[in-house]
Asks: 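Sharing a structure here in structure tokens format.
It should be emphasised that the depicted structure is a prediction, and the values quoted were computed from it without experimental measurement.
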Amino acid sequence: QVQLVDSGGDWVQAGGSLRLSCVVSGRAFSRYAMGWFRQAPGKDREFVGCISWDSERLQYADSVRGRFIISRDGRKNTAYLQMNDLKPEDTAVYYCAGGRSYYAGPNEFQYDSWGQGTQVTVSS
């Protein structure tokens with residue numbers, strides 16, 4: 001059984017940075033596409049970004065492009081979401097997700113495993 005454990009959420013002031021982590025167990029991480037999504041209070045879950053299993057292909061939502069960076073470390077079975085220049089509108093619960101494909105894209109239905117979520121709060 002695949003398990004994803006995401007962490008790293010915190011409270012931060014606008015302009016600050018955070019790095020979220022997602023540790024994957026129970027499956028060959030090297031053959032698992034990874035994605036990040038977020039859900040703000042009262043809103044639907046939305047795509048943040050994703051990375052292919054070889055890190056060659058990445059995609060970001062327009063709202064975070066240029067500020068957020070996704071990466072992965074096969075030695076640690078971990079995916080990361082580096083978030084810079086955070087804004088109050090980035091406040092949300094962030095979820096990592098894994099898909100059994102080379103690249104899963106922005107559609108959440110392409111992902112079959114999800115982390116439990118980690119809260120990010122950005123104050124102005």
Side-chain angles (χ1 to χ4, degrees):
Q1 182 177 356
V2 178
Q3 184 176 18
L4 278 65
V5 178
D6 41 28
S7 62
D10 204 343
W11 175 91
V12 64
Q13 288 189 323
S17 298
L18 283 174
R19 188 177 77 161
L20 306 184
S21 300
C22 176
V23 179
V24 179
S25 61
R27 178 174 176 84
F29 181 71
S30 61
R31 289 296 182 264
Y32 216 42
M34 298 299 298
W36 287 94
F37 293 78
R38 67 186 182 186
Q39 187 167 22
K43 295 186 177 181
D44 293 334
R45 187 161 59 188
E46 66 174 4
F47 171 75
V48 174
C50 62
I51 186 169
S52 60
W53 70 34
D54 61 0
S55 302
E56 290 294 318
R57 187 174 179 183
L58 297 102
Q59 184 176 354
Y60 297 96
D62 290 343
S63 59
V64 307
R65 187 176 295 112
R67 299 187 297 122
F68 290 11
I69 301 170
I70 295 174
S71 62
R72 59 191 296 159
D73 185 342
R75 297 168 299 175
K76 298 181 178 180
N77 284 2
T78 302
Y80 301 98
L81 178 65
Q82 177 66 43
M83 304 186 293
N84 301 317
D85 188 24
L86 282 160
K87 303 176 180 181
E89 52 264 42
D90 294 318
T91 295
V93 177
Y94 284 71
Y95 299 90
C96 66
R100 288 175 286 181
S101 61
Y102 166 75
Y103 176 80
N107 187 335
E108 65 177 58
F109 297 104
Q110 296 298 318
Y111 298 86
D112 53 67
S113 298
W114 292 81
Q116 80 284 2
T118 185
Q119 176 70 47
V120 172
T121 303
V122 184
S123 65
S124 57

Asks: Are Ile69 and Leu58 grouped together when hydrophobic residues (ILVMFWY) are joined by side-chain heavy atoms under 4.5 angstrom apart?
Replies: yes

Asks: Indicate yes or no: does Lys87 engage Asp90 in a salt bridge with an N to O separation below 4.0 Å.
Replies: no

Asks: For Val64 and Arg38, which heavy atoms make the closest approach, and how far apart are they?
Replies: CG1-NH1, 3.9 Å

Asks: Under 4.5 Å between side-chain heavy atoms, counting indirect links through other Ile/Leu/Val/Met/Phe/Trp/Tyr residues: same cluster for Val122 and Trp36 or not?
Replies: yes

Asks: May I ask you to decide if Val23's main-chain N or O and Thr78's side chain share a donor-acceptor pair within less than 3.5 Å?
Replies: no

Asks: Nearest 0.5 Å, please: how far is OG in Ser17 from CG in Asp10?
Replies: 12.5 Å

Asks: Do Val24 and Met34 have side chains that approach each other closer than 4.5 Å (heavy atoms only, starting at C-beta)?
Replies: yes

Asks: Taking atom CZ of Arg72 and atom SG of Cys96, what is their separation to the nearest 0.5 Å?
Replies: 11.0 Å

Asks: Does Tyr32 form a ring pair (Phe, Tyr, Trp, His ring centres under 6.0 Å) with Trp53? I'd like the steps, not just the answer.
Replies: CA-CA 5 Å; Tyr32 216 42; Trp53 70 34; 9.5 Å; no

Asks: Compare every heavy atom of Leu20 with every heavy atom of Gly8, then report the nearest pair and how far apart it is.
Replies: C-CD2, 3.4 Å

Asks: For Ser52, does its backbone N or O pair with a side-chain atom of Arg57 as donor and acceptor, under 3.5 Å?
Replies: no

Asks: Is it the case that one hydrophobic cluster holds both Leu18 and Leu81, taking links as side-chain heavy atoms less than 4.5 Å apart, direct or via other members?
Replies: yes

Asks: Provide the closest heavy-atom pair for Ser124 versus Pro88 in the form atom of the first, atom of the second, distance.
Replies: CB-CG, 3.8 Å

Asks: Verify side chain to side chain contact (heavy atoms under 4.5 Å, CB included) between Tyr94 and Asp6, making sure each step is shown before the conclusion.
Replies: CA-CA 8 Å; Tyr94 284 71; Asp6 41 28; over 6 Å; no

Asks: Counting N and O atoms only, with roles assigned by atom type, does the side chain of Tyr111 sit under 3.5 Å from a partner on the main chain of Gly105, one being a donor and the other an acceptor?
Replies: yes

Asks: Hydrophobic clustering (ILVMFWY, side-chain heavy atoms < 4.5 Å, transitive) - are Phe68 and Tyr95 grouped together?
Replies: no

Asks: First locate atom CD of Gln82, then atom CD1 of Ile70, and finally report the distance between them rounded to the nearest 0.5 Å.
Replies: 11.5 Å

Asks: Is there a continuous path of hydrophobic side-chain contacts, each under 4.5 Å between heavy atoms, that joins Phe29 to Val2?
Replies: yes

Asks: Would you please say whether a donor-acceptor pair under 3.5 Å links the side chains of Glu56 and Tyr103?
Replies: no

Asks: Classify the ring geometry of Phe47 against Phe37: parallel below 30°, tilted from 30° to 60°, perpendicular beyond 60°.
Replies: perpendicular

Asks: With a cut-off of under 6.0 Å to the ring centre and 45° to the axis, is Arg19 in cation-pi contact with Tyr80?
Replies: yes

Asks: Taking atom CD1 of Ile51 and atom CD of Gln59, what is their separation to the nearest 0.5 Å?
Replies: 12.5 Å

Asks: Would the number of heavy atoms belonging to other residues, nucleotides or ligands and lying under 6.0 Å from CD of Gln13 be above 12?
Replies: no

Asks: Roughly how far, to the nearest 0.5 Å, is CD of Gln39 from CD of Gln119?
Replies: 11.0 Å

Asks: Using the side chain to side chain contact (heavy atoms under 4.5 Å, CB included) rule, take Trp114 and Glu108 through it: C-alpha gap first, then chi angles, then the decisive distance, then the call.
Replies: CA-CA 10 Å; Trp114 292 81; Glu108 65 177 58; 3.8 Å; yes

Asks: Step by step, would you call Met83 with Val48 a side chain to side chain contact (heavy atoms under 4.5 Å, CB included)?
Replies: CA-CA 11 Å; Met83 304 186 293; Val48 174; over 6 Å; no

Asks: Evaluate whether atom CZ of Arg45 has more than 12 neighbouring non-hydrogen atoms of other residues, nucleotides or ligands under 6.0 angstrom away.
Replies: yes

Asks: Taking all atoms of both residues into account, what is the closest heavy-atom pair of Leu86 and Arg67, and its distance?
Replies: CA-NH1, 3.9 Å

Asks: Mind listing the closest non-hydrogen atom pair of Ala33 and Ala104 along with its distance?
Replies: CB-N, 3.7 Å

Asks: Taking atom SG of Cys22 and atom CG of Asn77, what is their separation to the nearest 0.5 Å?
Replies: 10.5 Å

